[in-house]
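Everything on this sheet refers to the single structure shown next.
This one's a predicted model, so the numbers in the text were calculated from it and none came from an experiment. Lettering follows sequence order; numbering is per chain, from 1.
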Amino acid sequence: MSSYNHKEIEAKWRKYWEDSQAHKVELDPNKPKFYCLDMFPYPSGSGLHVGHWRGYVLSDVWSRYKKLQGYNVLHPMGWDAFGLPAENDAIKKGIHPSVSTANNIANFKRQLHEIGAMYDWSREVDTTDPNYYKWTQWIFLQMYKRGLAYRKEMPINFCPSCQTGLANEEVVQGECERCGTPVEKKNLKQWMLRITKYADRLLEGLKKLDWPEKVIKMQESWIGRSEGAEVVFAVDGTEYQITVFTTRPDTLFGATYMVLAPEHELVEKITTEEQSEAVAEYVKQAMTKSSVERMASKEKTGVFTGAYGVNPVNGSKIPIWVSDYVLIDYGSGAIMAVPAHDERDYEFAQKFDLPIIPVIADLDGQVPELPFVMDGKLTNSDKYDGMTSEEAKKAITEELERRGQGKASVQYKMRDWVFSRQRYWGEPIPIIHCPDCGEVPVPEDQLPVRLPDVDNYQPTGTGESPLAAIEEWVNTTCPSCGGQAKRETNTMPQWAGSCWYFLRYADPDNNDALADPEQLKYWLPVDLYVGGVEHAVLHLLYSRFYIKFLYDIGVVDFDEPFTRLFNQGMITKDGAKMSKSKGNVVNPDELVEHYGADSLRIYELFIGPPEVDSEWMDNGIEGVYRFIQRVWNLVDRSLKNPAEPTQESEKRRHKLIATVTERIESFKLNTAVSAFMEYINASGSTLDRKSMDTLVILLAPMAPHLAEELWQKLGNESSVFLARWPEADPAMLVADQVTVAIQVNGKTRGTVDVAADASEDDVKAAAEEITAVKNALDGKQVVKTIYVPGKIMNLVAK
RNA sequence: GCCGGGGUGGCGGAAUAGGUAGACGCUACGGACUUAAAAUCCGUUGGGCGUUAAGCCCGUGCGGGUUCGAUUCCCGCCCCCGGCACCA
């Protein structure tokens, strides 16, 4: 018997795939396409661990499965290679980021080859390649031309460790998403992208996506749409007006004071002389607090400005306060406070002894315990008394609108995207600053604006990038007037390159466009996108925004990039995420060496439900390795002495087809593996020819090397992936013999094996022969019999 | 605090239009083969009672409920994980 030698077999087929260019795909109008994409990795110095493998195996199983179903499958891979680690490494070791990036890519590529995935490497994409980032810059210019990219000076989140500004999406609980350092507010002139203009469409588009509910919820809450009204309050005795946003215009009669954010421009203007010292002091303190400190203390603080606002509906004068519980960058940075019906306002009013007037009662007209934050019926609200909240919101907003003192309004939590970084290793922003012409976009025929070499990568921390020090690069001529001008020295964030890379795979070498429209039309959008959940509101939101923009300018003909999304779970070791620093990294290289890639592939699937985190067990792969050997030995044995197919073996074969297909389709890949194991356990010592063929094809997506080898042993000359995925005959899936569980008063007492069409009486007769059933029925009368054909019979006895 | 997801043997996990709880694998134990070991193969493996066997009791985080029957549905709790967090 020839024994299973994974090293020889896997090397042989990997070479075959390469030599025959088996994984190279081309546009083929006669074939349906399937675009299966992995989130491309950042090529770090530490290489891949078994956790990375999980998603890559999953997507490859699907790619190969779809290929066997006759699809033209695009399954590419590339590198998200701009980013801070390479740059920080350069600072430490003086190695140019392009050099370390190239080294890391080579190592990653070697490791990815081990997986045996059907990547089409001819389509490899690298975000740091000038031929690629030329188009990243091009997209930026298109946005700039349409007013979606703009420069603004404002306080932004700044990471003192990374020495760069951050997008709101990159701040997690007041800390830098990347390094965990508490972020500071820093006033910087920043490039921004007007993603808020797309807020409604980004929200709307979520509805048609086949994505995990969790990710959709996260994006929805990130966008944070609220409907309400703007209400204009006059400041008593002045010409100033304060506009507030509220989702509860129905509570307007209960507004007993107002609050301005400390940064609000009117604070200084309306504060009375007596209060000016206290207000100035409070504002100063609030401004110096870091966002972490501001979040940490929930204790309400604030100061009275001395000014009063006039409630537009009843003319009542209410005090205007300053407090940092009102945020400058949401709504208008000012609120009307309704302490009776808002928890925060209630707390503030209690602390500063401000009046609390209930204006919403429950539906029985009772005023419940305050603060009562639900909808109800209006009270103490003049002519609106008795209306429901819903009716009153509408009516009051309409009245305000008639009188020019307000209007319906929608607000979003999402802010515009802070897009510039004060670092070296990123795409230069293609803008030139001219003393006469101002901001001038670099003409498209001069793209890419290449990243120059620098001697010193050290970030300046001043809001300028290391590029600012390279005079021969910074100093240039104005494309508009030809005079002396300077280049923009900020670079783009890492997300810029990953927002559109999946388009480039369709046509990676194009020099005239980011990709040929025909290619885009054929391959895009992505049918299945596999990656970790950590990008739920970063990459996945930004990409959707980019695609909607590219749709608007006619570059693509679809407006959602990823039709279906699958988030694979993490693989943990000793209960924790694998990381170099914890020393709990499981290296796939050694496992491949010892057990082979197919064993590791199947174990990655078998370890648990693919969407759930799973704990790595070193022994687990042993069982899978044994399984593969059993398959090998079974086929080997059967070839020498094939079995004759029987009714039973045919049923088993069809059931395997049905089960495996269904479990791949529903991503229950752990149970798809166990279906194979059960099949092998039930099959006896040899298989018939047809069963061997079926088994090998079904196994091919999971264990491609093994399947190719067995397929060849079965006498086939071409690759198993040119075979067709079998279909189960529904008629063969019906069992003719069934096991019926027998219960007495709901307790299972035994089982009977009967023909599938056995009558209830037959089953009952057989059931009453069981000793345990006799015992349980002893001295009792069967008063009712419940029979679910083929499943259970329950005898209810008294 | 709010919004998700989840608690099943020694372990990873199966099974939910309500119908034999623990598939499959790991571990452990016993056996076969071997001079021996490894590998392989066969058996046992939720807990308890029962010398064996037949059989009986308990058991899917906790407490109730609906039902002939609940891991699955409903109500009330506890714990763990993830997201958001003064967003008016």
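The base-pairing partner of G1(B), taking Watson-Crick or G-U wobble contacts with both distances under 3.5 Å, is C84(B). The nucleotide C73(B) finds its pairing partner in G65(B), both defining distances of the Watson-Crick or G-U wobble pair being shorter than 3.5 Å. Checking U40(B) for Watson-Crick or G-U wobble geometry (two distances, each under 3.5 Å) identifies A32(B) as its partner. With a cut-off of 3.5 Å on both Watson-Crick or G-U wobble distances, the partner of A14(B) is given as none. Across all strands shown, G59(B) forms no Watson-Crick or G-U wobble pair with both distances under 3.5 Å.
Listed candidates were A88(B), C11(B), G55(B). Nearest to the side chain of Ala772(A) is G55(B). Of the listed nucleotides (G19(B), A14(B), G55(B)), G19(B) has the atom at the smallest distance from the side chain of Ile792(A). Taking the side chain of Gln743(A) as heavy atoms from C-beta on, and the options U20(B), A85(B), A15(B), the nearest nucleotide is U20(B). With distances taken from any side-chain atom of Met677(A) to the nucleotides C57(B), G25(B), U40(B), the minimum falls on G25(B). Across A88(B), G55(B), C84(B), the shortest atom-to-atom separation from the side chain of Val172(A) is found for C84(B). The side chain of Asn619(A) has U27(B) as its nearest neighbour among G13(B), C68(B), U27(B). If you check G13(B), C24(B), C56(B) against the side chain of Ser674(A), the one that comes closest is C24(B). Set against G83(B), C57(B), G55(B), the side chain of Met218(A) has G83(B) as its closest nucleotide. With C57(B), G55(B), A15(B) as the choices, the nucleotide that has an atom nearest any side-chain atom of Thr771(A) turns out to be G55(B). Nearest to the side chain of Ile335(A), among A88(B), G19(B), U20(B), sits A88(B).
Heavy atoms from other residues, nucleotides or ligands lying under 6.0 Å from NZ of Lys651(A) number more than 12.
Between Ser323(A) and C86(B), a side-chain N or O to OP1/OP2 separation shorter than 4.0 Å is absent. For Thr748(A), a side-chain nitrogen or oxygen approaches OP1 or OP2 of A21(B) to under 4.0 Å. One finds no side-chain N or O of Arg663(A) lying less than 4.0 angstrom from the OP1 or OP2 phosphate oxygen of A14(B). Proximity of Arg626(A) to the phosphate of U40(B): a side-chain N or O atom is located under 4.0 Å from OP1 or OP2.
With hydrogens and angles ignored, a donor-acceptor pair closer than 3.5 Å exists between the side chain of Lys300(A) and the base of C86(B).
Residue Thr671(A) is classed as a sugar-phosphate contact, given heavy-atom separations below 4.0 Å to backbone atoms only. Residue contacts shown for Asn670(A) are limited to sugar-phosphate atoms, with no base heavy atom under 4.0 Å away. No contact: Thr785(A) has no heavy atom under 4.0 Å from any strand. Heavy atoms of Lys413(A) sit under 4.0 angstrom from at least one base atom. Here Ile607(A) lies in heavy-atom contact (under 4.0 Å) with sugar-phosphate atoms only. Heavy atoms of Glu615(A) sit nowhere under 4.0 angstrom from any nucleic acid atom. Among the protein residues, Arg415(A) comes within range of the nucleic acid bases, having at least one heavy atom under 4.0 Å from a base atom. In this structure, Asn794(A) reaches the bases: a heavy-atom distance under 4.0 Å links it to at least one base atom across the strands shown. Backbone-only engagement by Asn681(A) is indicated by non-hydrogen atom pairs under 4.0 Å involving sugar-phosphate atoms exclusively. Across all strands, Arg630(A) comes closer than 4.0 Å only to sugar-phosphate atoms, never to a base (heavy-atom distances).
Nearer the 5' end of RNA chain B, as judged by each residue's closest nucleotide, is the contact made by Tyr625(A), out of Lys784(A) and Tyr625(A). Map Asp345(A) and Ala675(A) each onto its nearest nucleotide of RNA chain B; the residue landing nearer the 5' end is Ala675(A).
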task: Kindly indicate, with the supporting measurements, whether the criterion side chain to side chain donor-acceptor pair (under 3.5 Å) is fulfilled by Thr572(A) and Glu615(A).
output: CA-CA 5 Å; Thr572(A) 57; Glu615(A) 171 73 8; 2.8 Å; yes
task: For the pair Tyr257(A) and Phe304(A), evaluate ring pair (Phe, Tyr, Trp, His ring centres under 6.0 Å) and give the outcome as yes or no after the intermediate values.
output: CA-CA 10 Å; Tyr257(A) 65 102; Phe304(A) 178 42; over 10 Å; no
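Regarding Leu656(A), its CG atom lies at a distance of 15 Å from the C1' atom of A23(B), rounded to whole Å. When rounded to the nearest whole Å, the span between CD of Glu220(A) and C1' of C2(B) equals 15 Å. When the C1' atom of C11(B) is taken as reference, atom CG of Asp618(A) falls 13 Å away, rounded to whole Å. Protein atom CD of Glu534(A) is 18 Å distant from nucleotide atom C1' of C84(B), rounded to whole Å. Between Asp636(A) atom CG and U40(B) atom C1' there is a gap of 15 Å when expressed in whole angstrom units. Atom CZ in Phe627(A) sits about 12 Å away from atom P in C26(B), given to the nearest Å. Atom pair Leu669(A):CG and G13(B):P shows a separation of 15 Å (rounding to whole Å applied). With rounding to whole Å, Met570(A) atom CE is found 16 Å from G12(B) atom C1'.
The same atom, P, is picked in G6(B) and in G13(B); the two are 13 Å apart, to the nearest Å. Comparing the C1' positions of U45(B) and G9(B) gives a spacing of 10 Å, expressed to the nearest Å. Between C84(B) and G48(B), the two C1' atoms lie 47 Å apart (nearest whole Å). Comparing A23(B) with G43(B), their P atoms are spaced 14 Å from each other, to the whole Å. A36(B) and G22(B) have their P atoms separated by 39 Å, with the value rounded to a whole Å. Taking atom C1' in both C49(B) and A54(B), one finds a spacing of 14 Å when rounded to whole Å. Rounded to whole Å, the separation between the P atoms of C79(B) and G61(B) comes to 16 Å. With P as the reference atom, G65(B) and C3(B) are 28 Å apart, rounded to whole Å.
Cation-pi geometry between Lys300(A) and Tyr325(A) is satisfied (NZ or CZ under 6.0 Å from the ring centre, within 45° of the ring normal).
Annotation: side chain of Tyr412(A) is in contact with side chain of Val410(A) (closest heavy-atom distance under 4.5 Å).
Taking the six-membered ring wherever Trp is involved, the centroid distance between the rings of Tyr603(A) and Trp616(A) falls below 6.0 Å. Taking the six-membered ring for Trp and the full ring otherwise, Trp321(A) and Phe348(A) have centroids separated by under 6.0 Å.
No donor-acceptor pair under 3.5 Å is formed between the side chain of Asp375(A) and the backbone N or O of Ser389(A).
Between Lys217(A) and Glu213(A) there is a salt bridge, since a side-chain N of the basic residue sits under 4.0 Å from a carboxylate O of the acidic one. Under a 4.0 Å N-O distance rule, the pair Glu299(A)/Lys351(A) qualifies as a salt bridge.
Under the 90° criterion around 0 for the glycosidic angle, G9(B) counts as syn.
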